[in-house]
Number of protein chains: 2
Amino acid sequence: MSKPTARARLAQAAFVLFDERGYEQTTVDDIAERAGVGRTTFFRHYRSKEDVIFPDHDRLLQLIRDRLSATSNSTALVAVSDAVRLVLLHYIDEGDLARRRYALTSKVSALRDREIVSVARYQRLFREFISDWMGDPTESASLRAELMAASVVAAHNHVLRRWLRGESPDPIAEMDEAMREVLALFPGPRSRPRVADGGTTVAVFRTGEDLDALLPALRRLIGGEPER
Amino acid sequence: MSKPTARARLAQAAFVLFDERGYEQTTVDDIAERAGVGRTTFFRHYRSKEDVIFPDHDRLLQLIRDRLSATSNSTALVAVSDAVRLVLLHYIDEGDLARRRYALTSKVSALRDREIVSVARYQRLFREFISDWMGDPTESASLRAELMAASVVAAHNHVLRRWLRGESPDPIAEMDEAMREVLALFPGPRSRPRVADGGTTVAVFRTGEDLDALLPALRRLIGGEPER
DNA sequence: CTTTGGAATGGTACTGAGTACCACAAGACT
DNA sequence: AGTCTTGTGGTACTCAGTACCATTCCAAAG
């Protein structure tokens, strides 16, 4: 244990110093010195000062990419859920480290911005995947893909932040529930109908809602023509 | 016309140079020199090199804030739509300038990141507004607010980018349509029911979809209990 | 007309992130 | 022995952004 890698020592030193003096008040020189290495070595291990806080963001992106591409058509939505769960699990694995990072990013706007940019990369990945999966090059399909990607990512962030703040005892269950809620928002891709040539579905509800107000949404959801 | 403000000259010079040599290859000194002012003056007018590309982002944010706060409870969703339209109109007003900026941000990752961060600020504004409007401090309500904000912003970006790429002849109509589509995703906040104590609504559809697959979504949409 | 006072400007010097390059040391393989 | 790789430290540079000071210009007040 006398020889943790220089990389690890740098990360350690960075977190300590950021806690002690704050992010802006800490220079890369400070970090390198405290880690007992040269300044050059710092930049060899981390592309930038911010990078020392988000080291495995690239690896995580690749993880998602892999999970998404290992997918048959029918399980696309499962793949999305899985990929999201993967990210959550990664953070949970980090445990306290993730929470310290969260505390930092909450205070330092430069880090917050950096995180936002990272999240946007995830979102882009999801958007492309969903778009490909839908196949439909239509304008409206493209919009739907964008909306789904945005929603999936938003849901993930929501649950993740709750856990980071210590407000969620069972984040995995919460994530699953949130993902279910999100996917319920979007009418499935015309999965091959169980009843080949279209059957008649009757739904009876007790509700105070006016039917006319609901019709557009219903039509979108079901895709059939209401008989009234 | 012999005396455009230094600020305007700087912006002009910046765009020309960015086009000519690219963003990274242009220093602030270059811009200042070309504009015929000192380097100090540049930073007096623009906080950073990136800022010269996105000058009125702050003003735009304030515009949205204002539109959102000038709202009575019943028109919240209208306010959201209006605010989004406001942003779109701003870009359309800029016309060619907006398109040049888009061309730049498409090539230069630093600018793209900067733009993403700006968009996140809008999203945050919408999220807070929607959350306040719903009033409900529930976990699930908070998630819904987040999802709505993300979707609204995603829809806006979608249409805006289409217009920037010259793919949309009538962006305003498209935006309205997109917003309608987005808001249709989310069941309205239990608007006071037309039928006071809950009536029975019967919907008959011709559809190949399996009813069981739809039930969760239907239940969410209508909020009543299906009788089957 | 002169004075005063504020606003915009230019210059100079500094900090600190990030890059380029070179030189050196410690194994590892032949 | 040598050579090749890999990790390292150091030095020097560019450039964004900040701080400070001195100047100029203009306008209102005397």
Side-chain angles (χ1 to χ4, degrees), chain A residues 1-55 57-58 104-105 107-115 117-118, chain B residues 2-55 57-58 104-105 107-118:
Chain A
M1 62 142 283
S2 58
K3 262 298 176 194
T5 68
R7 185 184 167 84
R9 282 209 314 282
L10 280 166
Q12 180 65 22
F15 267 95
V16 171
L17 289 175
F18 291 163
D19 277 344
E20 269 180 27
R21 324 181 189 171
Y23 179 80
E24 272 102 358
Q25 279 59 50
T26 305
T27 73
V28 172
D29 285 287
D30 295 337
I31 302 172
E33 190 190 2
R34 166 134 199 167
V37 300
R39 188 180 121 90
T40 314
T41 300
F42 177 93
F43 285 107
R44 260 194 212 97
H45 287 286
Y46 300 100
R47 263 170 289 178
S48 71
K49 185 179 167 188
E50 295 163 5
D51 236 40
V52 78
I53 309 282
F54 309 102
H57 150 237
D58 281 345
L104 268 177
T105 54
K107 287 187 205 306
V108 183
S109 69
L111 297 178
R112 191 167 43 243
D113 290 353
R114 170 68 192 266
E115 177 131 73
V117 168
S118 300
Chain B
S2 58
K3 263 298 176 193
T5 68
R7 185 183 169 86
R9 282 209 314 282
L10 280 166
Q12 180 66 23
F15 267 96
V16 170
L17 289 176
F18 291 163
D19 277 344
E20 269 180 27
R21 326 181 188 170
Y23 179 78
E24 272 102 357
Q25 279 59 49
T26 305
T27 72
V28 172
D29 285 288
D30 295 337
I31 302 172
E33 191 189 359
R34 167 135 197 165
V37 301
R39 191 180 118 90
T40 315
T41 301
F42 177 93
F43 285 107
R44 262 195 209 96
H45 287 286
Y46 301 99
R47 262 170 287 176
S48 70
K49 185 178 166 188
E50 295 163 4
D51 237 38
V52 78
I53 310 283
F54 309 102
H57 150 238
D58 281 346
L104 269 177
T105 54
K107 288 188 206 304
V108 183
S109 69
L111 296 179
R112 192 168 41 244
D113 291 352
R114 170 68 193 267
E115 177 130 73
I116 287 169
V117 168
S118 300

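The chains referred to below are lettered A, B, ... by the order of the sequence lines, with proteins before strands, and numbering in each begins at 1. These figures come from a predicted structure and were not determined experimentally.
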Counterpart residues, salt bridge (Lys or Arg N to Asp or Glu O under 4.0 Å), relative to B/Glu115 (two or more places apart): none
Under the ring pair (Phe, Tyr, Trp, His ring centres under 6.0 Å) rule, collect the residues that match up with B/Tyr23, sequence neighbours excluded. B/Phe18
Under-4.0 Å side-chain N/O to phosphate OP1/OP2 contact, B/His45 with C/dA8: no
Distance-only criterion, 3.5 Å: show the donor-acceptor pairs between side-chain atoms of residues 27-43 of chain A and protein atoms not counting sequence neighbours.
{"residue": "A/Thr27", "atom": "OG1", "partner": "A/Asp29", "partner atom": "N", "Å": "3.3"}
{"residue": "A/Thr27", "atom": "OG1", "partner": "A/Asp30", "partner atom": "N", "Å": "3.1"}
{"residue": "A/Thr27", "atom": "OG1", "partner": "A/Asp30", "partner atom": "OD1", "Å": "3.4"}
{"residue": "A/Thr27", "atom": "OG1", "partner": "A/Asp30", "partner atom": "OD2", "Å": "3.2"}
{"residue": "A/Asp30", "atom": "OD2", "partner": "A/Arg21", "partner atom": "NH1", "Å": "3.0"}
{"residue": "A/Asp30", "atom": "OD2", "partner": "A/Thr27", "partner atom": "N", "Å": "3.0"}

Rounded distance (Å) that lies between atom [atom2] of [N] and atom [atom1] of [X]:
| X | N | atom1 | atom2 | answer |
| --- | --- | --- | --- | --- |
| A/Glu33 | C/dG16 | CD | C1' | 15 Å |
| A/Ile31 | D/dG9 | CD1 | P | 15 Å |
| B/Arg7 | C/dA7 | CZ | C1' | 16 Å |

Which residues satisfy the side chain to side chain donor-acceptor pair (under 3.5 Å) test with B/Arg47, sequence neighbours excluded?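 Applying side chain to side chain donor-acceptor pair (under 3.5 Å) to B/Arg47 gives B/Asp58.
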Could you tell me which residues satisfy side-chain contact (heavy atoms from CB on, under 4.5 Å) with A/Ser48, sequence neighbours excluded, listed by chain and number? A/Glu50, A/Asp51, A/Arg114
Give the B/S/- string for nucleotides 14-26 of chain D, one per nucleotide from 5' to 3', where a protein heavy atom under 4.0 Å of the base yields B, of only the sugar-phosphate yields S, and otherwise -. -SSBB--------
Start with the C-alpha gap between A/Leu111 and A/Phe54, add the side-chain angles, then the distance that decides, and say whether side chain to side chain contact (heavy atoms under 4.5 Å, CB included) holds. CA-CA 9 Å; A/Leu111 297 178; A/Phe54 309 102; 4.2 Å; yes
